[in-house]
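So the structure is just underneath, and the comments pick up after that.
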2 protein chains.
Amino acid sequence: MDVRHADRIADALEELVFTGQFNDGDRLDEIRLAKQFGVSRTPIREALQRLVASGIAEQLPRRGVFVRQPGPVELMEMFETMAEIEAVCGRLAARRISDEALAELEQANDLCRAAMASQDTDAYYRENERFHHTIYAQSGNSYLAGQALRLHRRLKPFRRLQLRLRGRLAQSMGEHEEIVAALRSGDDSRAATALRDHVGIQGEKFRHLMTELRTAAQ
Amino acid sequence: MDVRHADRIADALEELVFTGQFNDGDRLDEIRLAKQFGVSRTPIREALQRLVASGIAEQLPRRGVFVRQPGPVELMEMFETMAEIEAVCGRLAARRISDEALAELEQANDLCRAAMASQDTDAYYRENERFHHTIYAQSGNSYLAGQALRLHRRLKPFRRLQLRLRGRLAQSMGEHEEIVAALRSGDDSRAATALRDHVGIQGEKFRHLMTELRTAAQ
DNA sequence: GTCAATATTTTTGTATACAATAAAGTGATT
DNA sequence: AATCACTTTATTGTATACAAAAATATTGAC
């Protein structure tokens, strides 16, 4: 457990931002954070650099670092990008996926279904993540998979809100099955479409995300 | 011109890595760099953090920061990802592009052609970039456009090698015209395919990139 | 009381000092 | 000669000190 303070603090700050402990535009005060974490400014500044690099915060030279929560527009753009990237992963995976991975997708779906039945939200999220991560990996392009993973993580706190919608879980499960079927058949454009529609936010999903965002902001 | 040392140094180091002044695995010695740039270790360390964040270098805790040049496999993956992301930009742009932007694409193509005729390599690169950046922007998704731009920049040094291939420029111009035609017709899948094929590396292009890489490594 | 000019405080950015860990060197033992 | 323990050196990570810029407070004129 001998990890650099800077890394530990960066993770902690990320978590704080993601869980809504900071509002958009809040200044991340070095001295205050240093006292809070019981370290000097140096590791705090390194951690802040990491937040800036990952787009969670913004740096104004000689002014400070400010948290930057995505607004509705940017959030929509990020979800659209995620949908398109997952579609690409699916397109490539349809031609490259292994039988083992197909089995893993189905297993993840089974466990998702079980989690849904037993109201085990955590398990559902875990298996849902495994499902998507497997598709990223099966794109056969680890750079692309890394990018997908990165954005997936960035959107995590917002996806959480989204899935509370009544009946959404059952619909999501059906979409997962269509995705697996498309991948199994090797139909790349079908897989791309299925994933794009699954991840994308339109119609009811969009309306719901907006209301959730409004309430979360207060 | 009152810019932070750390930012200036990060840009300089990026440039040094991109222009091949460092080999894969080279350690970026803080003390040496500090003397070289005439500053203390502090801004050097901030700059190194930025390189690590952007994937140009890797950090091993309590060991140092090492430059990480992509090998042939990762490079192919990055080019494939670039091709797919450009395809996505094209797919979205086909439905969203403005008449002004279409005119700008054609102007960029005209200037590309002129640059080709007068052997003005710099002008060619400049207009080629404008062509692609315009398509990113016309995706109507500024987050996606930002990601595309980021990867485009990362691949810049390698694209330079690639385009030296005799006759490649003329072929590239033809592909540009097909892309514009697809965008003008609003045919999203045609635009996606045209861009994917244009950016992707297959057949002769692949073989050529590999030999260029081999010679560049020495 | 308001506004501008100036002084004070705060905060960032950089330099330096120090502590902890890893790497390199040294010598004894087999 | 090779290997292991131990010492020395070098390098990273963190703390602190200082300089410069920005933010804030204070003073004085009107």
Side-chain angles (χ1 to χ4, degrees), chain A residues 1-18 20-70 150 153, chain B residues 1-18 20-70:
Chain A
M1 280 294 287
D2 172 45
V3 72
R4 291 162 29 116
H5 287 172
D7 292 346
R8 180 175 55 79
I9 291 164
D11 290 342
L13 284 177
E14 250 184 47
E15 188 63 21
L16 288 175
V17 173
F18 283 170
Q21 305 287 100
F22 291 104
N23 289 79
D24 183 59
D26 282 2
R27 190 168 69 89
L28 293 167
D29 187 73
E30 296 177 2
I31 299 170
R32 195 173 56 77
L33 290 172
K35 281 179 185 161
Q36 201 167 312
F37 283 98
V39 297
S40 78
R41 281 173 54 217
T42 310
I44 297 289
R45 283 177 60 86
E46 284 202 15
L48 292 183
Q49 292 266 352
R50 263 190 42 181
L51 294 205
V52 170
S54 63
I56 295 168
E58 195 172 10
Q59 181 169 42
L60 303 182
R62 298 190 190 281
R63 303 291 288 279
V65 172
F66 303 84
V67 326
R68 212 171 90 50
Q69 297 278 20
R150 195 188 182 71
R153 257 203 287 274
Chain B
M1 280 301 285
D2 170 46
V3 73
R4 291 163 30 116
H5 287 173
D7 292 346
R8 181 176 54 81
I9 290 164
D11 290 342
L13 284 176
E14 249 184 49
E15 189 62 22
L16 288 175
V17 173
F18 283 168
Q21 306 286 99
F22 291 104
N23 289 79
D24 184 58
D26 282 2
R27 190 166 70 90
L28 292 167
D29 186 74
E30 296 178 2
I31 299 170
R32 195 173 55 78
L33 290 171
K35 281 179 185 161
Q36 201 167 313
F37 283 97
V39 296
S40 79
R41 280 174 54 217
T42 309
I44 297 289
R45 282 177 62 86
E46 284 202 16
L48 293 183
Q49 292 267 353
R50 263 189 43 182
L51 295 205
V52 170
S54 63
I56 295 168
E58 196 172 10
Q59 181 170 42
L60 303 182
R62 299 190 188 279
R63 304 289 288 278
V65 173
F66 302 84
V67 326
R68 212 171 90 50
Q69 297 278 21

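The model shown is predicted, which means the values in this text are computed figures rather than measured ones. Hydrogens, waters and symmetry mates play no part in the numbers below; they use all other heavy atoms, side chains included. Numbered from 1 within each chain, the chains take letters A, B, ... in sequence-line order.
Using modelled atom types, no side-chain atom of A/Asp26 and backbone atom of A/Val67 make a donor-acceptor pair closer than 3.5 Å. With hydrogens and angles ignored, the 3.5 Å screen pairs no side-chain donor or acceptor of A/Glu30 with any backbone N or O of A/Gly64.
The shortest heavy-atom contact between A/Leu51 and A/Glu14 is CD2-CG, 3.8 Å. Closest of all the heavy-atom pairs between B/Ala53 and A/Arg150 is O-NH2, 4.1 Å. Closest non-hydrogen pair, B/Gln69 versus B/Phe22, comes out as NE2-O, 3.4 Å.
Closest to the side chain of A/Val39, from the set C/dG13, D/dG13, D/dA15, is D/dA15.
Each of B/Val65 and A/Pro43 lies near DNA chain D, and the nucleotide nearest B/Val65 is the one positioned closer to the 5' end. Nearest-nucleotide mapping onto DNA chain C: of B/Arg41 and B/Glu46, the residue sitting toward the 5' end is B/Glu46.
The nearest whole Å value for the distance from the CZ atom in B/Phe66 to the C1' atom in C/dA23 is 12 Å. Following rounding to the nearest Å, A/Leu60 (CG) and C/dT11 (C1') show an atom-to-atom distance of 14 Å. The interatomic distance linking A/Phe37 (CZ) with D/dA15 (P) rounds to 13 Å, in whole Å. The interatomic distance linking A/Arg45 (CZ) with D/dT16 (P) rounds to 16 Å, in whole Å. As a whole-Å value, the separation of A/Gln49 CD from D/dG13 P is 14 Å. One can place NE2 of B/His5 at 12 Å from P of C/dG13, the figure rounded to the nearest angstrom.
The 12-atom threshold is exceeded at CZ of B/Arg32, counting heavy atoms of other residues, nucleotides or ligands nearer than 6.0 Å.
Contact check of residues 27-36 of chain B against DNA chain D (heavy atom, cut-off under 4.0 Å) returns B/Arg27, B/Glu30.
Taking only side-chain nitrogens and oxygens, A/Arg63 comes nearer than 4.0 Å to OP1 or OP2 of D/dA23. Look at A/Arg62 and you won't find any side-chain N or O under 4.0 angstrom from OP1 or OP2 of D/dA20. Remark: A/Gln59 is in phosphate contact with C/dG13, judged by side-chain N or O atoms under 4.0 Å from OP1 or OP2. Taking only side-chain nitrogens and oxygens, A/Thr42 never comes nearer than 4.0 Å to OP1 or OP2 of D/dT14.
To the nearest 0.5 angstrom, A/Arg50 atom CZ is 5.0 Å from A/Asp11 atom CG.
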